[in-house]
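A, B, ... follow the sequence lines: proteins, then strands. Residue 1 opens every chain.
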Amino acid sequence: MSLLTIRNLIVKFATATGSFTAVDGIDVSLDRGEVLAIVGESGSGKSVSMLAVMGLLPDTATVTADQMTYDGRNMLTMTGAERRKLIGREITMIFQEPVASLNPSFTVGFQIEEVLRLNLGLSGKAARERAMDLFRAVGIPEPEEKMKAYPHQMSGGQCQRVMIAIAIASNPRLLIADEPTTALDVTIQKQILDLLMKLQEDHGMGLILITHDMGVVAETADRVVVQYKGRKMEEAEVLDLFENPQSPYTRALLSALPEHATGDRLPTVSDFFNEEAAR
Amino acid sequence: MTPVVEGRAIVRDYHVPGSMVRRAKNVRAVKGIDFSVQKGKTLAIVGESGSGKSTLARIIALIDAPTEGELLIEGQGIDITARRPGPDLRSKVQMVFQNPYGSLNPRQKIGDVLTEPLVINTDVPAAERRDRARAMLQKVGLMPEHYNRYPHMFSGGQRQRIAIARALMLKPSLLVLDEPVSALDLSVQAQVLNLLADLQDEMGLTYVFVSHDLSVVRYIADEVMVISKGEAVEQGSREEIFANPTHPYTRQLFAATPVTDVEAIRARVARRKAARQAVAT
């Protein structure tokens with residue numbers, strides 16, 4: 001039942017001062033219809049590992065893995081053409097900055113129709129109608145009007161809805177969301193997360209959610225992978241992770257939540273590592 | 001006791017110029033807000049984007065003038081349209097901005113970032129400026145040897161420490177912080193919040209803390225003001241607001257804040273399982 005299986009993924013970047021290992025032996029597996037959260041702070045390699053799956057890393061990156069299969073197909077030996085059929089159709093991705101990921105010089109309607117034309121072969125009226133259906137599905141009010149709007153004329157939350165509409169246009173079986181709500185307010189964050197979860201349940205998509213926010217994890221994930229400096233620290237069902245975290249790093253992350261503050265000071269990750277070292 | 005900062009019926013209008021097809025109009029971003037903060041306390045201003053919270057912060061930080069209403073700093077009425085704030089006022093009120101990547105000049109060394117407020121507002125000699133900047137670096141948890149480095153050599157959390165250090169160089173009594181930890185990772189956020197709490201105790205600072213994150217507000221605030229569409233819909237002590245939010249908008253904010261409580265997660269996981277079984281059968 002596994003949709004995506006990655007074993008021992010290593011991503012290295014060639015830099016001026018030698019090779020830098022961003023992801024160091026990560027395993028990821030995702031079942032059909034499952035929501036997996038990958039948690040870590042900046043520099044933990046959480047985005048890089050998923051960009052490697054999408055093939056979106058720059059030329060300076062070297063990606064190796066013992067296994068990378070999607071739905072039984074080996075992604076490592078795939079030709080470029082085969083991969084392009086998969087990426088953007090069966091596997092799609094949304095990014096952190098919704099306003100920056102849309103092209104400012106075209107209307108959002110044009111941008112979603114472009115995807116429908118290229119990936120689904122729809123044209124003219126059919127594309128328009130499907131685009132408006134998608135806009136309705138992601139909760140954009142007055143879809144007819146909004147099709148003519150440019151990204152700068154919409155709010156951040158609405159741009160993210162457009163991005164989601166584009167990402168689900170081809171009925172993907174795997175959606176990778178990289179910090180989809182980090183740039184948004186709490187009330188809008190809630191709406192976007194609810195929308196993602198609803199779409200996920202309705203379509204039975206696999207969803208990989210990359211985030212640094214434990215609150216988002218608590219509200220969405222089935223299973224959680226905690227990453228730190230390119231390595232996996234812990235993998236657990238969401239309830240187990242919050243109830244009984246195994247790795248010291250996870251415990252540190254959880255206690256750094258302001259709502260878990262007990263005294264005057266918030267424990268920080270470095271406090272925890274010092275404690276561990278002292279033991 | 002005279003409050004460090006007080007606002008009386010603060011109003012701010014923005015003029016949106018018209019065009020061939022659109023008539024010019026005035027947008028009222030802040031619609032008559034009253035507040036006051038006592039020395040050593042923290043007032044948190046909570047609201048979503050477009051609520052006018054940053055506009056209010058800029059008025060308190062003496063960057064923008066209110067259209068109507070009165071702003072008092074240490075009991076003294078301030079009108080920045082009549083007279084530009086001089087060194088005396090600038091060394092009372094300073095501001096820290098949300099994005100530490102945008103608020104530091106990439107071509108300015110950290111030492112120059114920190115000494116510039118002194119150059120502009122005081123006649124402290126160069127040697128002492130340097131010493132003060134080095135001491136301040138240590139105070140915010142950085143190293144004196146960071147003095148000659150450039151902003152790009154620092155992480156987001158370190159840059160926010162630099163921005164805080166810059167704001168403190170003139171030893172202000174009031175610090176306006178506009179979403180100072182929103183751009184930071186959770187664990188770095190905790191470090192910066194700790195730093196702010198330490199500095200407040202040590203220097204007797206008064207904070208106006210703008211945020212949309214209620215869990216952060218609960219940690220740092222003494223008083224809370226919730227604003228929506230330019231109006232203060234709820235105002236009170238932290239305990240009052242968190243124990244008993246009365247306004248529907250405040251409740252909506254609470255409902256939207258993610259819950260990391262184990263029981264809540266248990267309930268959600270059970271709901272999902274039930275939904276899946278319903279689909280399967």
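One distance of note links CG of A/Asp213 with OG of B/Ser215; it measures 8.0 Å at 0.5 Å rounding. The distance from atom NZ of A/Lys190 to atom CD of B/Gln252, rounded to the nearest 0.5 Å, is 11.5 Å. Between atom CG of residue A/Leu257 and atom OG1 of residue B/Thr260 there is a gap of 5.0 Å, rounded to the nearest 0.5 Å. Distance OG1/A/Thr187 to CZ/B/Phe254: 13.5 Å, rounded to 0.5 Å.
Atom CZ of A/Arg231 sits in a sparse spot, with 12 or fewer heavy atoms from other residues, nucleotides or ligands closer than 6.0 Å. Within a 6.0 Å radius of CD in A/Glu142, no more than 12 heavy atoms belonging to other residues, nucleotides or ligands are found. Heavy atoms of other residues, nucleotides or ligands lying less than 6.0 angstrom from CE of B/Met153 number more than 12. Counting non-hydrogen atoms of neighbouring residues, nucleotides and ligands closer than 6.0 angstrom, the NZ atom of B/Lys229 reaches no more than 12 such neighbours.
Looking at B/Leu193, the atoms closer than 4.5 Å to chain A (heavy atoms on both sides) all sit in the side chain, from C-beta outward. Heavy atoms closer than 4.5 Å to chain A are found nowhere in B/Asp261, neither backbone nor side chain. With a threshold of 4.5 angstrom between heavy atoms, A/Thr220 approaches chain B through N, CA, C or O but not through any side-chain atom. The parts of B/Arg266 that come within reach of chain A are both its backbone and its side chain, each placing non-hydrogen atoms under 4.5 angstrom from that chain. Neither the backbone nor the side chain of B/Ala264 comes within less than 4.5 Å of any heavy atom of chain A. In this structure, the portion of A/Gln200 lying under 4.5 Å from any heavy atom of chain B is its side chain and not its backbone. In this structure, chain A has heavy atoms under 4.5 Å from both the backbone and the side chain of B/Val262.
Looking only at side-chain heavy atoms (C-beta outward), A/Val35 and B/Arg272 come within less than 4.5 Å of each other.
Here the closest heavy-atom approach between residue B/Val259 and residue A/Ala218 is recorded as O-CB, 3.3 Å. Nearest heavy atoms, B/Pro258 versus A/Gln189: CG-NE2, 3.3 Å.
Interface summary for chain A: among B/Arg268, B/Glu48, B/His212, the most heavy-atom pairs under 4.5 angstrom belong to B/Arg268. No other option in B/Gly156, B/Ala190, B/Ser155 has as many heavy-atom pairs under 4.5 Å with chain A as B/Ala190. Ranked by heavy-atom pairs under 4.5 Å with chain B, the first of A/Ile188, A/Val216, A/Asp222 is A/Asp222.
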